[in-house]
A.B. asks: 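Would you mind keeping the following structure in view while I ask a few things?
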Amino acid sequence: MSISVQLPDGSSRELGAGATAADLAADIGPGLAKAALIATIDGEQVDLNVELTDGTTVALITDRQDEGLETIRHSTSHVLAQAVLELWPGSTFAIGPPIEHGFYYDFELPGGSTFTDEDLERIDAKMREIIDADQPFIRSEMSASDALELMADHQYKRETIERVTTDSGDGLGVHDDDLSEEVSADGTVSFYRNTDAFIDLCRGPHVPSTGRLGHFKLMSVAGAYWRGDEKRPMLQRIYGTAWANKKDLKAHLHRLEEAAKRDHRKLANELDLVSWPAELGPGLAVWHPKGALVRKIIEDYSRDRHEHGGYEFAYTPHIAKSNLWETSGHLDFYADGMYPPMEMDGATYYPKPMNCPFHVMIYKSSQRSYRDLPMRIFELGTVYRYELSGAVHGLLRSRGFTQDDSHIFTTRENLQEELTSLLDFVLSILRAFGFHDFQAKLSTRPTEKSVGDDEIWDMATEGLRQALENHGLDYIVDDGGGAFYGPKIDVDVKDAIGRAWQLSTIQADFNLPERFELEYVASDGERKRPVMIHRALLGSVERFFGVLLEHYAGAFPVWLAPMQVQVLPVAEVHADYAETVRARLADAGCRVDVVDATDPLGKRVRAGKTEKVPYVLVVGDDDVANSTLGVNARGQDVERDVAVDAFMERIAADIDNKV
RNA sequence: GCCCGAGUAGCUCAGUCGGUAGAGCAAUUCACUCGUAAUGAAUAGGUCAGGAGUUCAAUUCUCCUCUCGGGCUCCA
């Protein structure tokens with residue numbers, strides 16, 4: 001392996017195999033520390049992210065492309081800021097970090113004016129000028145007071161400087177990894193300057209000079225609150241995407257197009273599944289017959305699995321009096337997410353944002369024995385949550401949705417076993433729908449206040465961890481990320497184009513059993529408190545349907561397809577035979593229709609394909625004579641002269657096949 | 001809710017520098033009866049999202065409202 005590194009000053013340096021940043025230390029002066037270098041390893045260009053502390057000690061070297069990419073994105077965001085400040089004198093800039101796929105930068109324009117799409121073109125042109133000028137990124141450090149003076153006209157920068165130079169009490173300064181400012185314990189901050197006219201507060205690192213950049217595209221303008229706080233001023237945010245080379249940029253833009261083609265709202269319209277009449281209001285959908293059929297299949301499958309999985313079914317009302325929500329704590333902790341109350345007959349009713357308290361009522365309806373546990377109550381329960389009108393998004397985010405919700409009441413002793421078998425159940429169902437790539441997250445006890453004793457937290461957390469380990473499931477730990485009432489597992493699935501969707505959640509709860517004073521009689525005759533587990537597998541049926549649509553790009557597997565087979569007689573004389581075939585398939589439990597010969601065959605085939613029907617069968621003279629079919633399987637070439645019997649076996653296998 | 005953008009026939013879109021609109025597909029009718037991704041013809045279909053203002057005249061300009069899209073925030 002040979003590594004060739006180009007230094008910020010333009011000279012280059014050859015390094016042998018196994019070289020580290022230590023080998024570079026001598027070549028990089030203190031003023032150029034924290035530079036990202038572009039190197040070639042065996043002739044192939046890689047981005048090296050070299051971080052040096054105080055110009056002498058080596059901290060890190062990596063040949064990981066993505067870290068180099070982060071640097072490119074971050075540097076591009078600086079160029080964006082430089083362009084905007086130049087084009088809009090008097091504007092001020094806030095923060096501009098690299099993000100997944102690109103970067104953004106937040107600005108405040110003079111007089112509160114806003115960017116338009118045409119502005120983006122002007123900014124883009126200016127950025128390319130800066131890049132063509134190949135300006136070097138030069139690092140400097142200064143005291144907080146000098147920095148505040150330098151940024152006298154930029155209140156957001158000043159605020160940031162003050163924040164990062166204020167000690168958080170642990171001697172390490174403020175930890176703010178999400179932001180790209182320099183964070184300092186000794187009261188100094190770092191800046192990067194690339195012309196006399198443009199200098200920005202920044203932790204770095206950056207590419208050596210702007211000439212390294214250029215494979216970017218400004219994507220959109222959006223409003224964003226300063227520091228994400230609704231009560232702070234709204235800034236103008238420009239989003240961009242940036243890549244190491246032209247090919248990657250193109251590939252990314254192509255992926256965006258692919259994702260747009262799979263948009264469930266578009267497919268729902270094209271395939272006549274669901275619509276969102278404006279008359280109903282934001283986030284409210286009506287399910288058309290075909291969409292409703294697919295949904296019913298999903299729900300039936302879920303019910304069937306639960307019935308055979310040791311669950312008992314329940315139905316509960318959609319509203320309840322305020323005292324229920326006071327006892328459950330929802331009115332204290334979740335009021336913002338609830339629909340407004342209704343006053344009736346001197347009492348106050350709320351639509352339910354969750355099903356839990358109702359299932360608790362079922363538990364409490366009689367005295368429970370340890371012999372009754374675990375008790376698993378299941379309901380496809382529709383809940384209502386007040387989402388911001390700007391936040392609703394097709395089926396993925398709506399104001400009313402149906403959870404495949406269950407609450408399991410168990411003894412402490414059985415908690416671990418229950419959690420383990422539960423994860424089994426979850427994965428088995430997700431796999432049936434065609435998801436095979438999982439990423440789990442285990443969220444543990446928060447450091448702040450939480451309820452429940454150490455023993456039970458340990459048991460539950462260990463139970464969840466064991467369940468994950470037993471399944472060899474890839475998981476990350478979100479330390480302290482659990483709710484105050486218990487630890488949880490969230491399961492993300494990856495779809496066909498690699499996007500992650502959070503679907504399942506398994507959550508232990510030590511709080512509601514206390515609040516509702518749940519009890520069971522143990523084997524020794526003592527009254528004990530059960531533990532509760534909340535769990536949803538699909539999450540919300542509506543959202544799951546949306547995810548499935550995007551995953552399959554509308555081409556549902558046979559068992560879920562609303563129309564499984566269409567039979568097309570070539571001409572009217574073949575109609576009787578087509579009907580015979582249809583009847584046989586229908587008898588076998590197949591969803592099948594005949595499309596009669598009023599339109600030309602080509603047109604009917606096209607319509608079937610466009611509707612993504614898994615099998616389009618064509619029957620003509622030869623088929624009538626020989627009891628055969630012409631088979632157009634979705635995504636495959638035409639097969640002629642397939643025996644009807646052979647096709648019957650094939651479709652029967654497909655209908656059974658939960659992927 | 002807030003910032004930016006959008007809303008023209010069932011769908012996808014043109015168009016009107018202010019004089020009340022057009023195409024393709026879909027629908028309906030007729031003819032064609034066809035072997036694998038759009039047969040031909042005809043008909044019908046729009047208070048140009050809704051309301052107000054300016055104007056002799058508004059789909060077009062202005063304001064407000066509604067809905068949608070992209071973000072912020074939040075989450076299933």
A.B. asks: Does Lys494(A) NZ have over 12 foreign heavy atoms under 6.0 Å away?
C.D. replies: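 No.
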A.B. asks: Can a salt bridge be assigned to the pair Arg232(A) and Glu159(A) using a cut-off of 4.0 Å between side-chain N and carboxylate O?
C.D. replies: yes
A.B. asks: Answer yes or no: is there an ion pair linking Glu258(A) with Lys261(A), defined by an N-O contact shorter than 4.0 Å?
C.D. replies: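 Between Lys261(A) and Glu258(A) there is a salt bridge, with a charged N closer than 4.0 Å to a carboxylate O.
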A.B. asks: Base, sugar-phosphate, or nothing: which does Gly602(A) touch, judged by heavy atoms less than 4.0 Å apart?
C.D. replies: sugar-phosphate
A.B. asks: Over how many whole Å does the gap from Met219(A) atom CE to G69(B) atom P extend?
C.D. replies: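 The answer, rounded to whole Å, is 18 Å.
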A.B. asks: Examine the base of G35(B) for any acceptor or donor lying under 3.5 Å from a partner atom in the side chain of Asp623(A), and report the outcome as yes or no.
C.D. replies: yes
A.B. asks: Looking for any heavy atom pair under 4.0 Å, which part of the strands does Lys609(A) touch: base, sugar-phosphate only, or nothing?
C.D. replies: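 Base contact.
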A.B. asks: Is there a donor N/O on one and an acceptor N/O on the other, under 3.5 Å, for the side chain of Tyr225(A) and the base of G71(B)?
C.D. replies: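 Not at all, since no donor on one side and acceptor on the other fall under 3.5 Å apart.
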A.B. asks: Starting at the 5' end of RNA chain B and moving along, which residue's nearest nucleotide shows up first, Val573(A) or Gly223(A)?
C.D. replies: Gly223(A)
A.B. asks: What nucleotide, of U12(B), C34(B), A37(B), holds the atom closest to the side chain of Pro600(A)?
C.D. replies: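 Closest nucleotide to the Pro600(A) side chain: C34(B).
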A.B. asks: Roughly how many Å apart are G35(B) and G15(B), using the P atom of each and rounding to a whole number?
C.D. replies: 41 Å
A.B. asks: Roughly, in whole Å, what's the span from CG in Asp492(A) to P in A76(B)?
C.D. replies: 12 Å
A.B. asks: I need the minimum non-hydrogen distance between Ala83(A) and Lys126(A), along with the two atoms involved.
C.D. replies: CB-CG, 3.5 Å
A.B. asks: With distance as the sole test, does Ser77(A) use its side chain to make a donor-acceptor pair with the main-chain N or O of Gly96(A) at under 3.5 Å?
C.D. replies: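 Present.
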A.B. asks: Could you work out the separation of C68(B) and U60(B) based on their P atoms and round it to a whole Å?
C.D. replies: 22 Å
A.B. asks: Counting Watson-Crick and G-U wobble pairs only, both distances under 3.5 Å, name the nucleotide matched with A41(B), or none.
C.D. replies: U29(B)
A.B. asks: What's Tyr334(A) touching, base or sugar-phosphate or nothing? Going by heavy atoms closer than 4.0 Å.
C.D. replies: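 No contact.
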A.B. asks: So, does the side chain of Glu279(A) form a donor-acceptor pair with the base of A49(B) at under 3.5 Å?
C.D. replies: no
A.B. asks: For Asp336(A), report the nucleic acid contact type (base, sugar-phosphate, nothing); a contact means any heavy atom under 4.0 Å.
C.D. replies: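 If one applies the 4.0 Å heavy-atom cut-off, Asp336(A) turns out to touch nothing in the nucleic acid.
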A.B. asks: Atom CG of Asp641(A) to atom C1' of G35(B): distance rounded to whole Å?
C.D. replies: 11 Å
A.B. asks: Whole Å only: how far is the CD atom of Glu100(A) from the P atom of G71(B)?
C.D. replies: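 Roughly 12 Å, once rounded to whole Å.
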A.B. asks: Which residue lies toward the 5' end of RNA chain B, Ala224(A) or Ala571(A), if each is placed at its nearest nucleotide?
C.D. replies: Ala571(A)
